[in-house]
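Accompanying notes for the structure given below.
Whatever order the structure lists ligands and atoms in, that order sets their numbers, starting from 1.
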Amino acid sequence: MTTFKTMDDIGDVRGKRVLVRVDLNVPMADGKVTDATRIERVAPTITELADKGAKVVLLAHFGRPKGGPAPEFSLEPVARATSEIIGRPVAFAADCIGEKAADAVGRMKDGDILMLENTRFHKEEEKNERTFTEALAKSGDLFVNDAFSAAHRAHASTEGLAHILPAYAGRTMQAELEALEAGLGNPKRPVVAIVGGAKVSTKIDLLLNLVKKVDALVIGGGMANTFLAARGTSVGKSLCEHDLAETAKHIMIEAATASCAIVLPVDGVVAKEFKAGAANEVVAIEAVAADGMILDAGPKTVEKINEWIGRAATLVWNGPLGAFEIAPFDAATVAVAKFAAAQTKASKLVSVAGGGDTVAALNHAGVADDFTYVSTAGGAFLEWMEGKALPGVDVLRTA
Ligand SMILES: Nc1ncnc2c1ncn2[C@@H]1O[C@H](COP(=O)(O)OP(=O)(O)O)[C@@H](O)[C@H]1O
Ligand SMILES: O=C(OP(=O)(O)O)[C@H](O)COP(=O)(O)O
């Protein structure tokens with residue numbers, strides 16, 4: 001049950017400027033969106049408001065620029081992709097505050113859609129600074145937050161704006177929370193979680209609570225390398241955050257106390273270059289050469305993970321098991337995704353997966369529709385699972 005205001009409470013929006021926070025942090029390659037799920041999920045909120053005659057002003061971040069403009073993190077190509085998906089023009093303004101934003105908003109007619117440039121081009125966004133939030137608020141009369149997958153960030157555009165403008169949950173925000181509650185509110189045990197991917201430093205802390213909620217935690221992808229290194233296994237040149245070794249050790253101790261099994265790779269697919277078709281070999285995890293990079297989990301690891309999934313009643317998954325965008329390093333992710341999908345179809349498993357790249361990986365494996373639920377959120381979903389308050393959601397409850 002949601003306890004915040006939704007778009008059903010928003011009233012007449014005709015002629016009003018509605019600032020809509022969406023998460024358009026989508027996978028891209030060569031300037032093209034490679035998985036449009038996040039855009040498709042927020043499309044209903046955008047079109048509903050536009051159809052009701054609102055001036056829809058979209059706010060979003062893209063990637064992790066260092067608090068200043070960076071062309072490779074521009075939202076302009078994403079605005080084009082959004083326009084194609086919703087089948088309507090989406091104008092673009094080269095800044096999210098100031099004159100450029102004001103001019104573009106000033107030109108809007110009722111029912112128009114405008115996307116403002118990456119909010120993270122201003123360092124004040126992530127600091128949630130009041131003056132910056134007020135500058136953002138100048139473009140809107142109302143605020144709709146539809147970015148569930150960014151709701152774990154207390155940023156100006158995800159949290160701050162709800163203190164300044166009348167605030168509502170968008171259709172996707174509402175649907176995500178309801179679906180997660182339905183699928184995982186009271187999960188059937190055993191619960192197995194898989195956490196992989198590359199955002200090691202921003203996700204590792206939440207594993208400390210997660211091990212108290214699940215029966216087994218499978219650690220894969222870049223995250224696994226940090227744990228392997230922490231227990232003294234050499235990972236060569238693999239993606240690894242060595243300075244997080246103590247955190248990893250602490251998590252392994254907490255897991256043992258909570259009787260949560262930690263499942264780490266036993267073999268890996270190792271290459272010397274991070275590129276498609278790079279020469280590679282499967283090696284035992286203790287045998288990674290000093291110049292090798294683990295880019296995927298090996299077949300024995302896949303077998304072990306699938307055994308755990310076979311015993312599970314509920315699966316929670318964020319983060320690919322390898323660099324799945326580059327063949328052949330997608331093999332483990334695809335194999336595990338297919339097995340989890342088959343278990344779900346056979347009614348043996350409730351499977352909930354989430355994250356921008358995880359969704360792309362499930363689409364790549366052709367099984368996203370076979371999972372019980374696929375969330376657009378990765379980190380936010382895991383924090384929700386941990387039982388942590390999400391700033392972007394909480395502020396809507398009290399707004
Ligand atoms: N062993 C690995 N080495 C390097 N990158 C990896 C490895 N395993 C997974 N990745 C990368 O992790 C990225 C996804 O991580 P993350 O952003 O945490 O997931 P999500 O967006 O689903 O939350 C993918 O781009 C993938 O290439
Ligand atoms: O892609 C996102 O999160 P996810 O990788 O956990 O799915 C969100 O857009 C949040 O991005 P951030 O982790 O740079 O704050």
For ligand 2, is there an atom lying under 4.0 Å from some heavy atom of [X]?
| X | answer |
| --- | --- |
| Arg38 | yes |
| Gly356 | yes |
| Arg120 | yes |
| Asp23 | yes |

Looking only at protein heavy atoms, which one is nearest to atom 11 (C) of ligand 1, and how far off is it?
-> Ala198 CB, 3.9 Å

Looking only at N/O atoms, are Glu325 and ligand 1 under 3.5 Å apart anywhere?
-> yes

Does Ile294, backbone or side chain, put an N or O under 3.5 Å from an N or O of ligand 1?
-> yes

Candidates Val195, Thr333, Asp357, Val359; heavy atom nearest atom 14 (C) of ligand 1 found on Asp357

Nearest heavy atom to atom 10 (N) of ligand 1 wins, so pick from Pro320, Gly322, Ala353.
-> Gly322

Please check if the side chain of Arg21 supplies one atom and the backbone of Ala60 the other of a donor-acceptor pair under 3.5 Å.
-> no

Regarding Ser157 and Glu125, is there a side-chain donor-to-acceptor distance under 3.5 Å anywhere?
-> yes

Taking the six-membered ring for Trp, are Trp317 and Phe371 parallel (under 30°), tilted (30 to 60°) or perpendicular (over 60°)?
-> tilted

